[in-house]
Amino acid sequence: MIHSSLSQLGAALRAKKISSVELTQTYLDRIAQLNPTLNAFITVNPEMSLAQARAADARLAAGSAAALTGIPIAQKDIFCAKGWLTTCGSKMLHNFVSPYDAHVISQFNNAGAINLGKTNMDEFAMGSSNETSHYGAVKNPWDTARVPGGSSGGTAAAVAARLCAAATGTDTGGSIRQPAALCGISGLKPTYGVCSRYGMIAFASSLDQAGPMGRSAEDLALMMNVMAGFDERDSTSLQREKEDYTRDLNKPLTGLRIGLPKEFFAEGMGSDVAKAVEAALAEYKKLGAVIVDISLPNSKLSVPVYYVLAPAEASSNLSRFDGVRYGYRAPEYSDLADMYEKSRAQGFGAEVKRRIMIGTYVLSHGYYDAYYLQAQKIRRLIAQDFTEAFTQCDVIMGPTSPSTAFKLGEKGDDPVQMYLSDIYTIAVNLAGLPGMSIPCGFGANDMPVGLQIIGNYFDEARMLNVAHQFQQATDWHSRAPKI
Ligand code: GLN
């Protein structure tokens, strides 16, 4: 059962071969057995999950089940879920039980999916290795001495180790795609505005986007059918007609134009990653695709631009954590200012403080024009590069990450090295485009390699088609770690 796809699980539930309570209990038992090693979950609440499972079983019995009714889905701990501890990986929110549901959570609840628990993540989604979590690092199930990637590292490890059927992530600069790549699973960051950010704890609001992480493109499509859609409570949510993201899965790829940005295939990419990506491209040619050389000349500026804009937005978003309204408050202080200072000094970890300081600096008088405004202009140029590229190709492909999963602690002292993990993913967020990662082989130390697929705005259904056809012809996505 734990290796079944979402549609197989849905069929088994509807045919009464298994009940949702049994399925949920199977995953809860696996979590109890493996989470002490992997640390993929911050919170599990069997009582709440099983109550949902009983309700799902009633719905299944009544014949009113939807595609995901009764299926256990884990939620990144960035999503507020009513009655659930919601920490965002931070001491700052160590005692925050959300009084309401994020839009994405209520969509899953309405679909009858089971909330299996809240997954570990880098603190406030800032990180590429899941080592900044207040709740400790997550271990990569392929090799527990290595990182799972970040910031959605708990989700990626949980999906890879079959601790849940699928799970959610969020991606501000690569946090769905990079951990998906490092854990050998599939992940999709939709076009900005497709999934509501309501109730998703904000990091950098102009970049943050929720998306599905699962074992196959087909599973991601079913998740997207639940997650996507207009929500008036998010002012950047887009009013578009409801889509069926599975509609194009089986289309042939004949004539598909794949753009290869020369900047992605230059120095920096590990030779093991290059080998796996090239083999994947050869497979795509067999499936009828043609390769087009393209250029994204400004993409080399995406990391520095991101590390001006994302901290600027974060410094503003995180000002709400002041020890007054909710979250951590220092136990001892002398006056109001001292309470703010101590609460924030004790509640935030080092990486979050670093971002708040950078953000405050680039927004301050005298530096705003030199850094923030300049970065905004380059962001526009980066987006224009993609618009130009998509006149020559249908999708863009390349590596998701320059290397496979690195060792825990390996990059801890060097933030710039850590930031470079997202060198291929960040431009996509700056442009607001959809991007995904699918497993395409194994590299150094037998660790998984991810292939990145970037689409034009709102082209998720085509990207899922492109990924699904590859997964019909190969079996990288169905390999599981031996844990
Ligand atoms: N790794 C990047 C960062 O640290 C991206 C994180 C994300 O997408 N949330 O900011």
Side-chain angles (χ1 to χ4, degrees), residues 76-79 88-90 104 119-133 137-138 147-156 167-183 187-190 192 195 197 200-213 302-315 317-318 348-359 362 375 379 400-403 405-406 410-412 414-437 450 452 454:
K76 184 175 180 179
D77 207 21
I78 200 167
F79 292 102
C88 216
S90 183
V104 162
T119 57
N120 203 345
M121 54 180 285
D122 280 300
E123 186 177 6
F124 285 103
M126 299 175 190
S128 302
S129 66
N130 226 114
E131 293 168 296
T132 74
S133 170
V138 177
V147 305
S151 66
S152 313
T155 282
T168 53
T170 62
D171 191 313
T172 304
S175 279
I176 287 176
R177 290 160 287 159
Q178 186 256 14
L182 270 45
C183 288
L188 169 67
K189 180 205 95 74
Y192 182 79
C195 293
R197 290 182 296 107
M200 192 176 109
I201 296 169
F203 163 12
S205 309
S206 78
L207 301 158
D208 297 344
Q209 185 59 203
M213 299 174 74
S302 58
V303 172
V305 164
Y306 173 88
Y307 279 98
V308 171
L309 297 179
E313 294 186 30
S315 71
N317 275 325
L318 270 57
F348 289 135
E351 184 60 27
V352 174
K353 286 180 192 158
R354 179 153 44 227
R355 307 273 179 119
I356 293 173
M357 284 192 281
I358 296 171
V362 300
R379 177 178 189 175
T400 304
S401 186
S403 73
F406 42 92
E410 194 179 314
K411 299 192 185 186
D414 190 345
V416 174
Q417 271 310 311
M418 190 71 90
Y419 297 169
L420 289 173
S421 298
D422 295 316
I423 189 147
Y424 304 122
T425 50
I426 280 178
V428 171
N429 301 73
L430 291 169
L433 288 165
M436 68 188 295
S437 181
Q452 188 175 202
I454 302 168

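Ligands are counted one by one from 1 in listed order, and the atoms in each one are counted from 1 as well.
- Within the structure, the salt bridge (Lys or Arg N to Asp or Glu O under 4.0 Å) test picks out the following pairs touching residues 169-180 (sequence neighbours left out): Asp171-Arg177.
- Here the rule is side chain to side chain contact (heavy atoms under 4.5 Å, CB included) with Ile426, and of Val303, Leu207, Thr172, Val305 only Val303 fits it.
- When heavy-atom distances to ligand 1 are checked against 4.0 Å, the residues falling inside are Ala125, Met126, Gly127, Ser128, Ser151, Asp171, Thr172, Gly173, Gly174, Ser175, Phe203, Tyr306, Tyr307, Arg355, Asp422, ordered by chain and number.
- Gln178 places a side-chain N or O within 3.5 Å of a backbone atom of Ser128 that can act as its donor or acceptor partner.
- Here the closest heavy-atom approach between residue Ser421 and residue Phe406 is recorded as OG-CE2, 3.9 Å.
- Distance alone, capped at 3.5 Å, is enough to place a donor-acceptor pair between the Glu313 side chain and the Ser205 backbone.
- With hydrogens and angles left out, the side-chain atoms of Ser152 and Lys76 include a donor and acceptor closer than 3.5 Å.
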